[in-house]
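To start, the structure under review is shown below, and the notes come after it.
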Amino acid sequence: MEEKILVVDDEADIRHLLGLTLESEGYTIITAENGQEALAQFTHHCPDLVVTDIKMPTQDGVALLKAIKASGSEVDIIMLTGHSDEGTAIECLRHGAYDYLRKPLDEIEILLVSVERALQKRRLELQNDALLRQLEELAMTDPLTGLYNYRYLQKCLDTEIIRAQRFAHPFCFVMLDIDDFKRVNDTFGHVGGDAVLKALSDSIRATLRTCDSAYRYGGEELSILMPETSRDGALVAIERLMGVIRSQRVVYDRHTIQVTVSMGRAAYPAQAEEKTALIRCADQALYAAKRAGKNRWVFAGDTGIGSGIQEPPPAPPRRGRPLRGGRYSPPGRGRNE
Ligand code: GH3
Ligand code: MG
C-alpha cells in the first residue's frame, strides 16, 4: 500500500515542488495551503506523515502540530521553516514534531532521508500495534473453540456487574454443558469430541445476538453473558439456541453426530449481585437441568434455587445410544421447545 503524505505550504510553488519530489519516490501526496485546511485533509485522508511549513495565514504550522498531537494521533510531523528561529524550533520539538528543517532545502536529500526515517518508524509502530492486538486476542481466546476463555469471562463479568450497578440494568448469565459428552469421546475418540465442541461453539456464536458473548468455561462447559437482558429476553435467546443445537448434525469422519445440551440461567441482580454467587446460581440451575433429564434449561428463580426454579416441562427420555456406524440416535425433542 502506498504511504500517504500530507504536504502543507501556503506557497503554491513549494507545494508543487515538494509534491512532485515525494511523488517520484512513490508516495501518494495530499496538499493543503494552511493549517485549517490541513486539519480537514488530515481527518479525511488519514495520512502516514505530515510535512508542513510553519508560517502560514489562517492557522500556522505550530498550531497544526498542536492540534494533531492533541487529537491523540501518532502520525509524525516534519516542520519546514524559512525563518530560522531557535525558539520556534524548540517549541516544535517540545510539542512532538519529528524533525525541524530549514528552507530553502538546498539538499532535497535531507528532506527525503527525514521522510523515509519517519515512515520507517511508522511502519514499525503499525506492526507493533497489530502484534499487540493479536496477542490481546490470543490472551482472551480459547484455541479449540475460538470462544472467549475463562480468564476473559472473569473480566467481562466484573465489568458487566459494575455497569449494571451504575445504570441499574439487569443482565443474565448462562452456563451450558454438553449432555453425555463422555459418550461422544468414547465412541468417536477425543478428536471427534473436539470437532463436536468446535462445531457447537461456532453455532452458538453465530446464533447469539451481537451484544451477547460466549465463553469456554472449561472442558465441555460453556457460558454466555447477556448484557441488559431481562428474564424474558434471555428466554427468547435460550429457546433459539436450544432449537439450533437440537437440529445441528456434526459430520465427523463420515459419521453424523448429534448432541444436546443443558443450560442453567441466573439473572443479575435477582439471583445474585456478586460474581461468584451468580456463577454458582447458574451452575446449580444447570445441574438441576441435568438431574431433571438433560436436553433442557432451568432458570434459577427469583427466590433462589429450589422452590424458585422455573422449569419447562420435561423432555421425553433420550435414546442416546450410538447407532451402528457411529451415528447417534436423535434425542427426544424436549417439550420445552
Ligand atoms: P453430563 O451429561 O452429565 O454432562 O455427562 P458428560 O458425559 O457430558 O460429563 P462428564 O463430566 O462425565 O464428562 C465430560 C467429558 O468431557 C469428559 C472429558 O474428557 C470431556 N472433555 C472435556 N474437555 C474436552 C475437550 O476439550 N475435548 C474433548 N474431546 N473432550 C473433552
Ligand atoms: Mg457434559
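When a ligand or atom number is given, it counts from 1 through the structure's own listing order.
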Name of the D177 atom (N/O/S only) found closest to the Mg ion (ligand 2):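 Nearest to the Mg ion (ligand 2) within D177's N, O and S set: OD1.
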Atom name, E220 (N, O or S, nearest to the Mg ion (ligand 2)):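 Nearest N/O/S atom: OE1.
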Check: [X] N/O within less than 3.5 Å of ligand 1 N/O:
| X | value |
| --- | --- |
| L144 | no |
| R183 | no |
| L197 | no |

Within reach of ligand 1, part of R216 (heavy-atom separation under 4.0 Å):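 The answer is the side chain of R216.
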Residue portion contacting ligand 1 (non-hydrogen atoms closer than 4.0 Å) for D177: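 Side chain only.
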Do the charged groups of [X] and [Y] touch, with an N to O distance under 4.0 Å?
| X | Y | value |
| --- | --- | --- |
| R94 | E91 | no |
| K290 | D179 | yes |
| R209 | D212 | yes |
| K275 | D158 | yes |
| E74 | K69 | no |
| D76 | R122 | no |
| D202 | K198 | yes |

Closest non-hydrogen atom pair, S203 against V244: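 Of all heavy-atom pairs spanning S203 and V244, the closest is CB-CG1, 4.0 Å.
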Heavy-atom nearest neighbour in the protein, as seen from [atom], with distance rounded to 0.1 Å:
| atom | answer |
| --- | --- |
| atom 3 (O) of ligand 1 | K294 NZ, 3.6 Å |
| atom 20 (C) of ligand 1 | N185 ND2, 3.3 Å |
| atom 10 (P) of ligand 1 | K182 CB, 4.6 Å |
| atom 6 (P) of ligand 1 | F181 N, 3.4 Å |
| atom 22 (C) of ligand 1 | G219 CA, 3.6 Å |
| atom 11 (O) of ligand 1 | E220 OE2, 4.6 Å |

Other residues, nucleotides, ligands: >12 heavy atoms within 6.0 Å of N128 CG: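 Yes, because the 6.0 Å sphere around CG of N128 holds more than 12 heavy atoms from other groups.
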Any N, O or S atom of I178 closer than 2.8 Å to the Mg ion (ligand 2):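 Yes.
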OG1 on T145 to CZ on R205, rounded to 0.5 Å: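 So the gap between those two atoms works out to 7.0 Å.
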Nearest-0.5 Å distance that lies between atom CG in D60 and atom OG1 in T52: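 D60 CG to T52 OG1: 8.5 Å, rounded to 0.5 Å.
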Shortest heavy-atom approach to atom 5 (O) of ligand 1 - which of D142, V191, D180: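 Going through D142, V191, D180 one by one, D180 has the nearest heavy atom to atom 5 (O) of ligand 1.
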Within a distance under 4.0 Å of any heavy atom of [X], pick out the atoms of ligand 1 and give their elements.
| X | result |
| --- | --- |
| D194 | 25 (C), 26 (O), 27 (N), 28 (C), 29 (N) |
| I178 | 2 (O), 4 (O), 8 (O) |
| G193 | 29 (N) |
| K290 | 1 (P), 2 (O), 3 (O), 4 (O) |

Side-chain donor-acceptor pair present, Y148, E137, cut-off under 3.5 Å: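 The criterion, which ignores hydrogens and geometry beyond distance, is not satisfied for E137 and Y148.
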